[in-house]
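Order of appearance sets the numbers: ligands from 1, and atoms from 1 within every ligand.
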Amino acid sequence: MGSVSTTEVNAKQGNLRQAYYDRIAKDHMTPLWEVLGALVPKQPSSPALPTLWRYANLRDQVMEAGRLITAEQAERRVLILENPGLPGQSAITQSLYAGLQLILPGEVAPAHRHTQSALRVVMDGEGAYTAVDGERTTMRRGDFIITPSWTFHDHGNLGDQPVVWLDGLDIPTVRFYDAGFAEHGQSTSQDTVRPEGDALARYGNNMVPVDFYQGPAEPTRVFVYPYARTKESLDQIAAGQPDPHFGHKLRFVNPATGASPMPTIGAFAQRLPAGFETRPYRCTDGTVYVCLEGEAAVAVGDQEWQLQRDDIFVVPSWQSVKFLAKRDTTLFSYSDRPALQSLGLWREARL
Ligand code: GTQ
């Protein structure tokens with residue numbers, strides 16, 4: 001008899017193994033050796049894709065939603081920016097959510113609270129407010145506003161223009177941990193219990209109340225970081241030497257602790273001087289960017305776009321990002337960096 005070929009041996013072994021896998025699957029077991037490489041990758045390879053959303057298109061589409069449903073009917077009238085690599089997941093990165101919210105003159109988005117943390121970046125229009133735990137703040141373009149986990153919040157538009165902002169939430173993170181709770185407020189709009197500006201005066205001016213101490217994971221009581229102040233800092237530091245990878249980049253902090261404003265989401269503001277080209281950079285925090293001012297070419301992984309004012313794009317974990325500013329450009333960004341850092345999982349590479 002001739003010897004059995006290697007191919008035949010392999011085929012037979014393959015069949016035996018598959019039959020075994022099928023048998024153990026009935027008992028809810030599965031072999032590690034078939035999936036080890038994917039479970040323990042050499043480096044991150046996110047299913048999220050580098051993606052750009054043009055603001056002009058976003059705005060047209062959200063305005064159309066404004067003709068189809070009221071803010072109160074919708075509870076929140078938002079178009080989710082869904083990463084095409086994460087279909088059906090309402091996620092822009094594996095851990096974060098993004099959406100464009102519209103509130104028309106006279107409308108209110110009713111009070112509620114949830115364990116998900118949220119941030120807003122005001123894009124368009126004047127006259128709206130967000131109320132957080134009994135204090136309102138007028139929303140102005142570029143303002144970075146937060147509603148930390150379990151704080152009551154509602155929105156309203158007292159002006160005569162549609163107001164649009166970007167929502168950033170840790171919805172996928174909270175879903176991952178199965179830690180979502182939510183409830184409605186007692187009334188549609190919260191009673192105002194403090195005058196506008198109170199939190200900023202108490203906690204946001206390099207001072208805090210004398211008997212106030214916070215643990216490192218507690219969110220800040222400052223819930224608005226006005227763009228006028230952000231811009232003032234960027235204008236001032238832009239006179240100095242830019243960092244080769246970042247230009248002039250600052251991170252928002254809880255002024256009482258120096259930690260991120262909220263434990264699951266970090267936020268950043270960045271100025272790239274006209275003509276400045278950054279070196280390629282990558283990090284493990286998938287990041288959502290908003291172009292608040294200016295114009296720049298941006299390369300993310302194998303994608304390249306000409307960024308215009310208000311455009312929004314996402315850089316998934318470990319994809320390289322590189323900018324060439326055509327004009328003085330200001331970027332806002334947010335990511336899960338503080339969560340990764342507190343878990344010891346944050347890495348960066350300055351290329
Ligand atoms: O404003 O409370 O985009 O609860 C998604 C969920 C906004 C909000 C969103 C929310 C909100």
For [atom], closest protein heavy-atom neighbour:
{"atom": "atom 7 (C) of ligand 1", "answer": "Asp167 OD2, 3.2 Å"}
{"atom": "atom 6 (C) of ligand 1", "answer": "Leu169 CD2, 3.9 Å"}
{"atom": "atom 5 (C) of ligand 1", "answer": "Tyr97 OH, 3.4 Å"}

_Exactly one of Lys322, Glu348, Arg350, His245 should register a side-chain hydrogen bond (donor to acceptor under 3.5 Å, both in side chains) with Tyr281. Which one does?_
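The option that passes is Glu348.
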*Classify the contact between Ile80 and ligand 1 as side chain, backbone, both or neither, using a heavy-atom distance cut-off of under 4.0 Å.*
neither
_Under 4.0 Å, heavy-atom basis, I'd like to know which part of Arg77 is in contact with ligand 1: side chain, backbone, both or neither._
neither
*asked:* Exactly one of Phe268, Phe252, Tyr334 should register a ring-ring contact (aromatic ring centres under 6.0 Å, His included) with Phe144. Which one does?
replied: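 Single ring-ring contact (aromatic ring centres under 6.0 Å, His included) partner of Phe144 among Phe268, Phe252, Tyr334: Phe252.
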_With a 4.0 Å cut-off on N to O distance, would you call Lys326 and Glu295 a salt bridge?_
no
*Does Glu107 come within less than 4.0 Å of Arg77, counting only side-chain N to carboxylate O?*
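Looking at Glu107 and Arg77, the cut-off is met.
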Show the atoms of ligand 1 that are less than 4.0 angstrom away from any heavy atom in [X].
{"X": "His112", "result": "2 (O), 4 (O), 8 (C)"}
{"X": "Val78", "result": "3 (O)"}
{"X": "Arg120", "result": "1 (O), 2 (O), 7 (C), 8 (C)"}
{"X": "Gln101", "result": "1 (O), 7 (C)"}

*Contact between Glu75 and ligand 1, counting heavy atoms under 4.0 Å?*
no
*Taking all non-hydrogen atoms of both residues into account, name the closest pair between Thr287 and Ser333 and its distance.*
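Thr287 and Ser333 have their closest heavy atoms at CG2-CB, 3.7 Å.
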*Given salt bridge (charged side-chain N to carboxylate O under 4.0 Å, His left out), test Arg194 with Asp133 step by step and report yes or no.*
CA-CA 9 Å; Arg194 285 180 303 279; Asp133 274 350; over 6 Å; no
_Whether the side chain of Asn83 engages the backbone of Leu49 through a donor-acceptor N/O pair (distance < 3.5 Å, no angle test) should be reported._
yes
*Out of Gln116, Arg76, His114, who gets a non-hydrogen atom closest to atom 4 (O) of ligand 1?*
His114
*Start with the C-alpha gap between Tyr227 and Glu293, add the side-chain angles, then the distance that decides, and say whether side-chain hydrogen bond (donor to acceptor under 3.5 Å, both in side chains) holds.*
CA-CA 12 Å; Tyr227 186 55; Glu293 315 274 356; 3.2 Å; yes
